Amino acid sequence: MTSTLQHGGAPRSSNAESPGEIASRTEKRPGRWLALGVLVLAVLLVAVDATVLGLATPYISEDLRPSGTQLLWIGDVYSFVIAGLLVSMGGLGDRIGRKRILLGGATAFGLISVLNAYAATPETMILARALLGVAGATLMPATLALIRNLFLDPRERSLAVGIWGATASAGTAVGPIVGGFLLEHFWWGSVFLINLPVMVVLVVVGIRTLPESRNPNPGPWDLISVLLSLVGMVGTVYAVKEAAAHGFTWPAAATGVLGAAALHGFVRRQLTLPVPLLDMRLFHRRGFSGAVLADLLTVLGMSGLVFFLSQYLQLVQGRRPFEAGLAELPAAVGAVVAGMVAGAAARRSSVRTVVSGGLAAVGLALAALTVLDRSTGYPLIGTALLVVGVGAGLSFTVTADVILSSVPKEQAGAASAVSETAYELGAALGIALLGSIVTGVYRDFTGPIGTPAVARESLGGAVESAAAMPTATGQALLSSAREAFVHGLTLATGAGAAVLLATAVAAWILLRGQRLEGTS
């Protein structure tokens, strides 16, 4: 196909359109929009799961009594595993069929959600989240790859990607609202069981509507590459997390070296294999690399706010779970609206204008939230969240279109996996780095005499401890703990703002001269 990105007057390369792709512009696949409806259900499945965890965290903390480190593991082990397996699962889908891996992964995702719901110890919960990451790694690359094969017309594909992204954003709205309702009426495990009906509909309808697609000449699925990718990603991210939380210890350093060595081996192996799991030549394209880097740093910068906002709304401001879910709605609404118009906006102006402008908007909104205190009114919070949603919706939709459209459809799964790997790696690193800022500041709060150790592990632990103390002592403990938590949150939000503004500048430089395919 024609390269998505036009580099000045550079000749068009190996991605020239095939006669079949040219014909597809006039003979479009029937039922493609219904099939898209099934694909966005898979996106909804993942998005809802990610958002309800944040709401359920205080309840999980109270019931399972995890340490601060275990609580961070519950939050980020899903991202660790999914980041390590996305490229491998994307390549597997290219080989055995994207429909097959999507439906199989959706079934596993639903069943493992039950294990999450009934986890009785922190260790079981961490294991369940890790297994959910294995299943989740099959879903997102397959959905984007199938969109690439369903919609060969570039303008239709931009709209489809916008709907895909808007559904993910809608899931971030549906998750907290539905999850908040469930948390007020049932136990915390119920928030994971909502995955089951979505999974059933996806599989039943998907069997009938989704076309199968795969790479006709895929080559073998190299298990050594799979192992190197998993060890490399998990080892590197774990080392960053441990170093951020506890400093540069020997175990963290050794794990980091192991991870870096595995990633180096993965890259070298891909360059020597006749049919690699991931074609490293994709990164030679400035637009592709710029879009991937923008996604990674954007999610990293936003992670501190995303992971800790629900705790702030519930445990600091005293909102009920359902009310906290509604309070986060503006971000999702902004992202949905922006995602639907992002492709058209990028064609009217330019890719870098939309991406950089969106990232700058997110950075400024995060900077505004550095003035948060325990009594900050909702107008500031809601407005900032709306701006965050609009900026993220514009940026993520356009970068996904850039990444997805810049490869032949036979490699769509692997390319989609790169996009999702950047997202998940950014989330894991963000929770590790920015989350460690919040946790580090929080642990140093000055509590009354007799403050138990569990109160310093998490704000949820402080709330539980205060309830068992005399009223005056409990109130003093809560006041100090909340003050420290908010201070840590504002520091993490400020760091995120700096990351986003720097990323906006980098995107402006890296995406210079790039245009979406189909731009007149």
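These figures come from a predicted structure and were not determined experimentally.
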More than 12 foreign heavy atoms under 6.0 Å from OH of Tyr378: is that the case here?
yes
Quick one: does Thr383's side chain have a donor or acceptor within less than 3.5 Å of a partner on Pro379's backbone?
yes
Ala497: what forms a side chain to side chain contact (heavy atoms under 4.5 Å, CB included) with it, not counting sequence neighbours?
Leu366, Ala367
Residues that Arg319 engages under salt bridge (charged side-chain N to carboxylate O under 4.0 Å, His left out), provided they are two or more places apart:
Glu323
Set of residues satisfying side chain to side chain contact (heavy atoms under 4.5 Å, CB included) with respect to Leu478, sequence neighbours excluded:
Val463, Ala466, Arg482
Partners of Ser375 by side chain to side chain donor-acceptor pair (under 3.5 Å), sequence neighbours excluded?
Asp373
Test side chain to side chain donor-acceptor pair (under 3.5 Å) applied to Thr353 - qualifying residues, sequence neighbours left out:
Ser350
Using atom types as modelled, flag every donor-acceptor pair under 3.5 Å from a side chain in residues 483-491 to any protein atom, sequence neighbours excluded.
| unit_1 | atom_1 | unit_2 | atom_2 | d |
| --- | --- | --- | --- | --- |
| Thr490 | OG1 | Val486 | O | 3.3 |
| Thr490 | OG1 | His487 | O | 2.8 |

By ring pair (Phe, Tyr, Trp, His ring centres under 6.0 Å), which residues pair with Tyr118, not counting sequence neighbours?
Trp187
Does Thr124 have any side chain to side chain donor-acceptor pair (under 3.5 Å) partners at least two apart in sequence or in another chain, and if so, which?
Thr121
Return the set of residues passing side chain to side chain contact (heavy atoms under 4.5 Å, CB included) with Ser480 (not counting sequence neighbours), or none when no residue passes.
Phe445
Please identify each residue that fulfils side chain to side chain contact (heavy atoms under 4.5 Å, CB included) with Pro470, with sequence neighbours left out.
Thr473
Could I get the full list of ring pair (Phe, Tyr, Trp, His ring centres under 6.0 Å) partners for Phe192, not counting sequence neighbours?
none
Residues passing the side chain to side chain donor-acceptor pair (under 3.5 Å) test with Asp295, sequence neighbours excluded, are Thr399
